[in-house]
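So the structure is just underneath, and the comments pick up after that.
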Amino acid sequence: MRLLHTSDWHLGQHFMGKSRQAEHAALIAWLLEQVDARSVDAVLIAGDLFDTGAPPSYARELCNQLVVGLHAKGVALVLLGGNHDSVATLEESRELLARLDTTVIAALDTPARHVVELAPRHPADRSAEPGCLVCALPFLRPRDLVLSQAGQSAEQKQQALQLAIQDCYQQVYTAALQRREALGRSLPIVATGHLTTVGASSSESVREIYVGSLDAFPTAAFPPADYVALGHIHQPQKVGGLEHIRYSGSPIALSFDEARQAKQVLLVDLGPEGLQAVTPLAVPCWQPMASISASLDALPARMKAAATDHGALPDRPLWLEVVVEQDDYLAQLTERVEALAQDLPVELLRVRRQRGRSAPAMAAREGESLRDISPDEVFSRRLAQESLEPALAQALTRRYRAVVQGLAGDTEAGA
């Protein structure tokens with residue numbers, strides 16, 4: 001039996017004012033083609049189907065297109081809730097989607113309800129014998145697992161939550177073993193999860209989900225399933241170097257730091273003896289994105305090279321982030337960068353400064369405290385540590401004096 005493991009689609013995402021609708025529509029069309037070309041039996045989305053709890057109507061429409069397209073091919077879909085997903089939104093159509101071979105698991109339920117049977121693909125016969133069992137666990141919210149106790153330290157709360165999640169997985173895995181025994185067949189068991197594991201590499205678009213609670217779940221705490229299909233981390237990776245515990249990663253780049261990643265979905269082959277193979281399948285890039293860092297003088301060449309390297313065209317411009325080095329306090333920086341990009345097939349989405357070194361601290365003179373120096377002297381010393389254009393230094397000085405005078409006037413008025 002062959003599963004397609006994917007996660008973190010974030011349908012409905014707006015990225016710095018840009019809609020991802022066209023990319024997600026292309027992703028769904030591509031995935032439906034791959035299901036046929038790669039003889040996929042079932043698709044598993046391990047959380048964060050939507051970007052928000054109240055996704056726009058076009059995002060729901062895209063989800064419906066995926067469900068209907070897979071159903072027409074006789075391919076089952078298992079859809080798990082993530083930390084971005086609303087339980088109510090996912091469950092509102094659960095019974096209807098079940099009629100279309102889609103199993104929705106949005107929140108914690110009884111152990112037996114989390115055991116899903118998946119059968120090999122057969123459009124003409126929906127009653128085929130199961131080919132694997134899935135311990136289908138979504139994002140587990142701490143409030144559903146543990147009760148906070150007075151006097152607990154942060155470390156004790158983390159430990160209690162980890163043990164509760166571990167116990168939850170074990171209960172569902174035990175229910176899967178019981179189901180397998182009742183079926184009287186040697187079936188592989190797949191577990192799922194939407195959480196951070198120890199050793200996983202994150203990215204800037206990943207929202208921490210156990211803030212103040214559990215930082216990362218140890219791989220040894222998972223049950224001995226034949227394959228563990230994970231979501232939440234957007235970079236595809238093996239966890240702890242283990243072949244059978246994987247993050248598929250997000251299929252499209254959801255932040256500029258993800259633009260450097262090779263996006264993929266995973267083809268998981270299972271047999272009676274367990275896991276046979278995991279094959280990454282590269283996902284095409286429908287919207288080029290890049291982040292470049294350079295000084296203002298070097299930017300024209302770097303921007304042109306980025307547009308060329310990513311195959312940008314006027315009707316398919318490169319979404320670009322520019323990080324300007326060295327020119328920390330250059331006036332009207334965004335306008336200057338926009339002027340450089342004007343004749344290139346790029347859309348400038350963000351411009352930011354990156355200081356070449358940490359801001360220097362002012363070393364106190366021997367025996368000196370803040371009581372011994374005036375605010376004017378503090379400002380002068382700090383300004384002297386920067387290499388600024390004379391006009392900008394003068395403007396900062398005038399601004400400082402205006403602020404000081406304004407504060408002095410407020411103090412006199414209050415007296």
Side-chain angles (χ1 to χ4, degrees), residues 14-18 202-208 211 253-260 289-307 312 317-415:
H14 271 261
F15 180 69
M16 298 186 182
K18 296 293 182 181
S202 188
S203 65
E204 69 178 19
S205 64
V206 173
R207 181 187 303 165
E208 291 304 322
V211 176
L254 298 168
S255 62
F256 277 116
D257 68 329
E258 290 182 30
R260 298 184 292 271
M289 296 169 57
S291 177
I292 60 174
S293 299
S295 66
L296 198 63
D297 290 340
L299 265 183
R302 290 293 307 278
M303 293 169 71
K304 184 176 181 180
L318 172 69
W319 288 356
L320 189 63
E321 175 192 53
V322 170
V323 182
V324 180
E325 300 170 348
Q326 300 175 359
D327 304 302
D328 294 343
Y329 295 103
L330 193 62
Q332 298 180 322
L333 180 60
T334 299
E335 290 80 0
R336 296 189 185 199
V337 177
E338 288 175 345
L340 295 176
Q342 192 169 12
D343 297 325
L344 296 173
V346 302
E347 284 191 60
L348 197 60
L349 300 193
R350 182 164 69 183
V351 177
R352 57 189 179 93
R353 295 176 171 89
Q354 177 175 299
R355 312 194 75 175
R357 62 187 186 281
S358 298
M362 289 191 303
R365 295 170 184 170
E366 186 176 357
E368 185 180 59
S369 71
L370 283 176
R371 295 192 190 94
D372 303 322
I373 56 177
S374 67
D376 287 351
E377 190 169 358
V378 172
F379 176 80
S380 297
R381 289 188 195 179
R382 184 65 186 85
L383 187 64
Q385 291 178 317
E386 299 294 336
S387 299
L388 305 177
E389 296 176 351
L392 183 55
Q394 293 171 10
L396 286 172
T397 302
R398 288 194 298 270
R399 177 60 178 162
Y400 163 75
R401 289 174 179 167
V403 170
V404 170
Q405 290 173 0
L407 291 174
D410 291 343
T411 301
E412 292 174 0

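Here the structure is a predicted model, which is why all the values come from computation and not from measurement.
- Annotation for Leu296 and Arg336: closest pair CD2-CD, 4.1 Å, computed over non-hydrogen atoms.
- In this structure, CG in Leu396 is found 12.0 Å from CZ in Arg401, a value given to the nearest 0.5 Å.
- For the residue pair Glu258 and Leu254, the shortest heavy atom distance occurs at OE1-N, 3.1 Å.
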Discussion item. Using side chain to side chain donor-acceptor pair (under 3.5 Å), reason through Asp297 and Ser295 one step at a time and then give a plain yes or no.
Written reply: CA-CA 5 Å; Asp297 290 340; Ser295 66; 5.3 Å; no
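- Among all heavy-atom pairs drawn from Ser291 and Val323, the shortest one is OG-CG2, 4.2 Å.
- When side chains are defined from C-beta on, Glu321 does not count as touching Met289, because their heavy atoms never get closer than 4.5 Å.
- For the pair Ala307 and Pro345, the tightest heavy-atom approach, listed with the atom from each and the gap, is CB-CG, 4.1 Å.
- Glu335 CD: more than 12 foreign heavy atoms inside a 6.0 Å radius.
- When each of Lys304, Arg302, Met303 is checked for a side-chain contact (heavy atoms from CB on, under 4.5 Å) with Leu340, only Met303 meets the rule.
- Summarising the geometry, atom OG1 belonging to Thr334 is positioned 12.0 Å from atom CZ belonging to Arg350; distances are rounded to the nearest 0.5 Å.
- Atoms OG and CE, on Ser255 and Met16 in that order, are 8.5 Å from each other to the nearest 0.5 Å.
- The only option from Leu333, Leu349, Leu299 that meets the side-chain contact (heavy atoms from CB on, under 4.5 Å) definition with Val322 turns out to be Leu299.
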